[in-house]
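Worksheet: the structure to be examined is printed underneath.
Atoms within each ligand, like the ligands themselves, are counted from 1 in listed order. Predicted, not measured: the structure shown is a model, and the values here were computed from it. In this chain, residues are counted from 1 in sequence order.
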Amino acid sequence: MDKPIGIFDSGVGGLTVAKAIAEALPNERIIYFGDTAHLPYGDKSKESVKLYSQRITAFLVAKGCKAIVIACNTASAHAYSDLKKFYPKLPIINVVNPTVNYCSEKYDSGKVGVIATKGTIKSRIYPRKIVKKNPNLEVPQAAAPLLVPMIEEGFFNNNISQTIINSYLSTKNFADIQALILGCTHYPLIKEEVKNYFKGSVDVIDSATVVAEFTKKLLKKEGIASKKREGKNQFLISDYTESFEETSKLFFGEKIDLREERIWD
Ligand code: DGL
């Protein structure tokens, strides 16, 4: 049987990335791991996120994964470079770099904004990387911590979500942006609301789609793409509750079979 792709996140939000990958790469088998025992990563220290990410990657490698996708923006910001050092031969994809490449190539100059968790914003990973690739771009950013629990509770496309989104996006830093990166697993669910806030005048970039396309190209380049789908996808979480089961439907768009895997015991 062909080897699977391992995808991990702090919880079930990364299922937006898993879904985009499942759609773009229907021949690939996925093992998804959501670290619901430690959620949210956005408020955790860099050291903790690095430690969690290393343990999860070791677990996925032991499961035979041929490539790892870090679906979580915060884990991509804090843990990617260490993981690359630990596993120099393993293809490891993060959600930041493909989005950085996409933006620095698409826009010659002007402003590309970012919204993300506190951890991702504090790391300044997007401004650092985008400006390094294209010094003509400015990258204003804003942490939007309320958006994660808001979306998980199913508050989107309503008055409450509209008010919260407006309050984050109305910062004067974003007054003249041409594009906005949705730098968090959860934000694809509010993409339309964000577009509407800017009345369609700003490109809203959701990293799930960009990363799925990048993964497809990388597997081909490395010669490890599967020709035919064998076996079922697996969706594992480190702490099971019915509430995660419910939320997973929101992010994956359909019911999935979530199983608990207590890797921290
Ligand atoms: N998965 C996280 C991210 O994309 C959001 C949720 C969390 O803070 O754990 O940054």
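- Here the two rings, on F251 and H186, have centers that are under 6.0 Å apart.
- With salt bridges taken as basic N to acidic carboxylate O contacts below 4.0 Å, none links E222 and K66.
- Salt bridge status for D2 with R229: absent, with no side-chain N to carboxylate O gap under 4.0 Å.
- For ligand 1, the polar-atom distance check finds an N/O of T185 within less than 3.5 Å of one of the ligand's N/O atoms.
- Taking the six-membered ring for Trp and thresholds of 30 and 60 degrees, H38 and Y52 have nearly parallel ring planes, at less than 30 degrees apart.
- Heavy-atom proximity to H186, at under 4.0 Å, picks out these atoms of ligand 1: 6 (C).
- Proximity to D9 (heavy-atom distance under 4.0 Å) selects the following atoms of ligand 1: 1 (N).
- Under the 4.0 angstrom criterion for non-hydrogen atoms, C184 is in contact with ligand 1.
- Listed by number with element, the atoms of ligand 1 under 4.0 angstrom from any heavy atom of Y41 are 7 (C), 8 (O), 9 (O).
- Between N73 and ligand 1, a contact under 3.5 Å exists for at least one N or O pair.
- Under a 3.5 Å cut-off, the side chain of D9 and the backbone N or O of G14 do form a donor-acceptor pair.
- Closest to atom 2 (C) of ligand 1 among all protein heavy atoms lies C72 SG, 3.4 Å.
- Within ligand 1, counting atoms from 1 as listed, the ones closer than 4.0 Å to a heavy atom of G42 are 7 (C), 8 (O), 9 (O).
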| said: Evaluate R262 against D239 for salt bridge (charged side-chain N to carboxylate O under 4.0 Å, His left out), listing each step before the verdict. | reply: CA-CA 7 Å; R262 299 192 73 88; D239 187 31; 3.5 Å; yes

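- Residue T74 holds the heavy atom nearest to atom 10 (O) of ligand 1 of all those in T120, V96, T74.
- Atoms CG and CD, on N134 and E105 in that order, are 10.0 Å from each other to the nearest 0.5 Å.
- Taking only non-hydrogen atoms, the option from A77, A116, S10 nearest to atom 9 (O) of ligand 1 is S10.
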